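Every value quoted in this text rests on a predicted model; they were computed, and no experiment measured them.
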Amino acid sequence: MVLNHCTVCAVYESDHAVQKRIRVKCDGEQITLLLKREHELPDLSKLRIDFFDSQIGCVKTYCELAVRRNIDPSVAALWVADCEILETIEIVEGRRSVRAQMEKEIVFTLSGQDDFSGAIQNISEGGIYFITARKLPCDGTIEFSYRFIEKECRMKAVILREEPFRDGRYGYGCQFLELPRETQRDIRQYVYLRQQGRIW
């Protein structure tokens, strides 16, 4: 499996689907997880890991990791884990969901930092694309609230790709994280109604 457009993954720490977001460096078939400390991940021979690739989509896998001290000065991590994909469970294509075009200015929160404004250009069950004047990290997590029809929903998403514009702004493609089922339903209904021209 080649993941040349992947910078972040979600590691399942237990059978109860507790996730930890880890930065990833991919070079061809070589996949390396960037760790802050030696024992950051569970000591298991087989781990559930979801890789978020901006071209392929969400690649759900079982992997084997070999943790070692980092010796590459170009990699900003004290420890790394060499990753071998043992089994690919499912590939959820990034563009599979139907999207609705829109132009809505809202306030986002970047994890661990302050708020900033941006304009959502399109939305689907899988994620959003928005434009902002703020430079953001490609593996950062954002949160925002949006009202679909009647109910306001709080959502979290990981930034997968960046598109710089000549006017100094940036476009970001994001994939939702831990989206509740009822929020997925609200988004699906919202997208359908916009496509039908019944809401604006």
Task: ring-ring contact (aromatic ring centres under 6.0 Å, His included) pairs, two or more places apart, involving residues 109-141 - done: F108-F116, F108-F130, F130-Y172

Can you find a heavy atom in the side chain of [X] that is under 4.5 Å from one in the side chain of [Y]?
X: M155; Y: I187; value: yes
X: R37; Y: L78; value: no
X: D53; Y: L160; value: no
X: T88; Y: K60; value: no
X: F51; Y: I85; value: yes
X: V11; Y: L47; value: yes
X: C174; Y: V158; value: no
X: E87; Y: K46; value: yes

Measuring from [X]:[atom1] to [Y]:[atom2], what's the distance to the nearest 0.5 Å?
X: C63; Y: L86; atom1: SG; atom2: CG; answer: 6.5 Å
X: Q175; Y: S124; atom1: CD; atom2: OG; answer: 9.0 Å
X: K156; Y: T109; atom1: NZ; atom2: OG1; answer: 11.5 Å

Exercise: identify the closest heavy-atom pair between [X] and [Y]:
X: C58; Y: F52; answer: SG-CE2, 3.8 Å
X: A77; Y: N70; answer: O-ND2, 2.8 Å
X: L3; Y: C26; answer: O-CB, 2.7 Å
X: L136; Y: L110; answer: CD2-CD2, 4.0 Å
X: N122; Y: I120; answer: O-CG2, 3.5 Å
X: F144; Y: I106; answer: CD1-CD1, 3.4 Å

Open item on the list: Could you go through R147 and Y190, starting from their C-alpha distance and side-chain angles, then the distance that decides it, and tell me whether this counts as side-chain contact (heavy atoms from CB on, under 4.5 Å)?
Closed with: CA-CA 10 Å; R147 183 177 297 279; Y190 176 82; over 6 Å; no

Please determine whether residues [X] and [Y] belong to a single hydrophobic cluster, defined as Ile, Leu, Val, Met, Phe, Trp and Tyr linked transitively by side-chain heavy-atom distances below 4.5 Å.
X: Y170; Y: I159; value: yes
X: V24; Y: L65; value: yes
X: L41; Y: L44; value: yes
X: L33; Y: V75; value: no
X: V80; Y: I49; value: no

Test side chain to side chain contact (heavy atoms under 4.5 Å, CB included) applied to [X] - qualifying residues, sequence neighbours left out:
X: D114; answer: R134
X: V67; answer: L35, E38, W79, A81
X: D139; answer: T7, V8, R21, R23, P137
X: S117; answer: E105

Task: Q121 and E103: side chain donor to acceptor below 3.5 Å - done: yes

Open item on the list: Taking atom CG as the centre, does D43 end up with more than 12 heavy-atom neighbours from other residues, nucleotides or ligands that are less than 6.0 angstrom away?
Closed with: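 Check fails, neighbour count at 12 or below.
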
TODO: Going by the side chain to side chain donor-acceptor pair (under 3.5 Å) test, name the single residue among R188, R185, Q184 that passes it with E125.
DONE: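 Filter result, single survivor: R188.
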
Open item on the list: As a quick check of understanding, evaluate side-chain contact (heavy atoms from CB on, under 4.5 Å) for K25 and Q30, giving each step before the final call.
Closed with: CA-CA 8 Å; K25 182 177 183 293; Q30 182 177 347; over 6 Å; no

TODO: Apply side-chain contact (heavy atoms from CB on, under 4.5 Å) to K104 and Y146, showing your working.
DONE: CA-CA 10 Å; K104 296 288 185 181; Y146 192 78; 3.3 Å; yes

Task: Carboxylate-amine/guanidinium contact E143 R154, below 4.0 Å - done: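 Yes, charged N to carboxylate O under 4.0 Å.
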
- [ ] With side-chain contact (heavy atoms from CB on, under 4.5 Å) as the test, would you mind laying out the steps for R169 and T132 before giving the verdict?
- [x] CA-CA 6 Å; R169 297 183 302 160; T132 180; over 6 Å; no

Task: All side chain to side chain donor-acceptor pair (under 3.5 Å) counterparts of D82, not counting sequence neighbours - done: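 Scan of D82 (side chain to side chain donor-acceptor pair (under 3.5 Å), adjacent residues dropped) gives R68.
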
